[in-house]
Amino acid sequence: MDYFQYRNEEAWCEEVPLEKIAAEVGTPTFVYSKSTLIRHLEAMKKAFSHWETLPCFAVKSNSNLEVLRIIFSHGFGADIVSIGELKRSLIAGADPRQIVFSGVGKQDFEIKMALEHDILSFNVESSFELRHIAQAAKKMGKVASVSLRVNPNIDAKTNPKIATGMYSSKFGIVETEVRQLVEEIKKSDSLCLVGVSCHIGSQITDLTPLREAARRMATLAKDLLSEGHELKHVDMGGGLGITYKDEVAPALDAYAQTLIEEIRDTGLRLLIEPGRVVVGNTGILLSRVIGVKQTAEKNFVVVDGAMNDLLRPSMYDSYHEILAVKNQERVMNCDIVGPICETGDYFGKDRNMPAMDEGDLLYIRACGAYGAVMASNYNSRPRAAEVLVEGGRFQIVRSRESYEQMWSAEL
Ligand code: LLP
């Protein structure tokens, strides 16, 4: 459920017509609904309320400072993958003791800064990383809290580009290597094993692989506990999918129940790293039609947003619902495309939607996750503005990039 709805055939976000935002801020613009976000945050907390759980928001999915501020003020921690994300999270008020650091290529300067802030845990993905963390911690006279991110070789049944839990992917530590790393941690004065973790992929709509992964993590955690390791948590990563088209996404309660059932025996705190399910449906991309053209085969609606603003359709062939800001009875079949010089620059193909004319507005749904964060300046296009709506008011939470900002670092 979200707060993007029609009133008299016109699209609104909460108490603001989208047309008003386009008139005042221009297009393309990402529009986020604060009430939708808060609703998702509360629903997530409620679903996990019967087990000690820390949701660490996957900052990569939406790193807008104002969005992060709202998320952290609701008690969420952060899952970061770079020092840029650490810095953003701290500016937005994250508690360092609620930050986990994921990623396959943490560099020494990043490890050092994370240690300076005493983050909750490094989710370690290789023996080389463990060595670097140990060296840095030793130099700083600290003990680094580490969790081993295991690759359980489980097929998450999602798009191969965003599946991470199989041996064909670069992520995590293969189960046969876990023992060796545990021994290294045991021997080191600068490392403390605080957890086990895994993340098998994103946009997962079948709970079976998540259950299997949780079962395996629980078994490992129980073995380690019985050997005297004082683990503090099991981190089950992110990955819960949302509905873009006709996927049936599991309910939060079912998701929570699945994970909790499997890890209950460990008695440990549960960590999760949700991104998409928190922010996906909180945002849309608002765009204006530049013109409509026909070829012998198709109608093309050319809009002012493009693959540099929203890369998902081009990159993953992913489906996003596209709707007219003002509905009307005349319909057309069309491809909705951007102005970028690539055939792959499209938002939707063969869509039946209200007929569009020059100057009309449309919007693309479910752009709150992996939308603005994946934007680029391709074709020297400044990055889109971002707007947050709260009730009847809205504020610009990222101003549209200027041309000068775009090339200032090159002068
Ligand atoms: N934790 C780790 C270690 C991750 O790598 C990810 C996402 C998450 C948590 C959050 O996953 P989520 O709950 O959002 O599924 N750009 C792609 C998605 C890439 C996901 C990368 N990792 C897309 O647009 O679909």
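Whatever order the structure lists them in is the order used to number ligands and atoms, beginning at 1. Scope of the values below: all heavy atoms of this structure, side chains included, with no hydrogens, waters or symmetry mates.
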Exercise. Does Thr36 reach the main-chain N or O of Thr282 with its side chain, forming a donor-acceptor pair under 3.5 Å?
Worked result: no

For this session: Establish, from distance only, whether the side-chain atoms of Gln203 and Thr158 form a donor-acceptor pair under 3.5 Å.
Result: no

For this session: List for me each residue that meets ring pair (Phe, Tyr, Trp, His ring centres under 6.0 Å) alongside Tyr32, sequence neighbours excluded, and say none if there are none.
Result: none

Problem set entry | Parallel, tilted or perpendicular: ring planes of Tyr6 versus Tyr363, cut at 30 and 60 degrees | tilted

Problem set entry | Distance-only polar pair, side chains of Arg365 and His320, donor-acceptor under 3.5 Å | no

Exercise. Sub-3.5 Å donor-acceptor pair from the side chain of Thr29 to the main-chain atoms of Gly26, do we have one?
Worked result: yes

For this session: Collect the protein residues that have a non-hydrogen atom under 4.0 Å from ligand 1 and hand them over in chain and number order.
Result: Ala58, Lys60, Asp79, Ser102, Arg149, Ile162, His199, Ser202, Gln203, Gly238, Gly239, Glu273, Pro274, Gly275, Arg276, Arg312, Tyr316, Tyr370, Met374

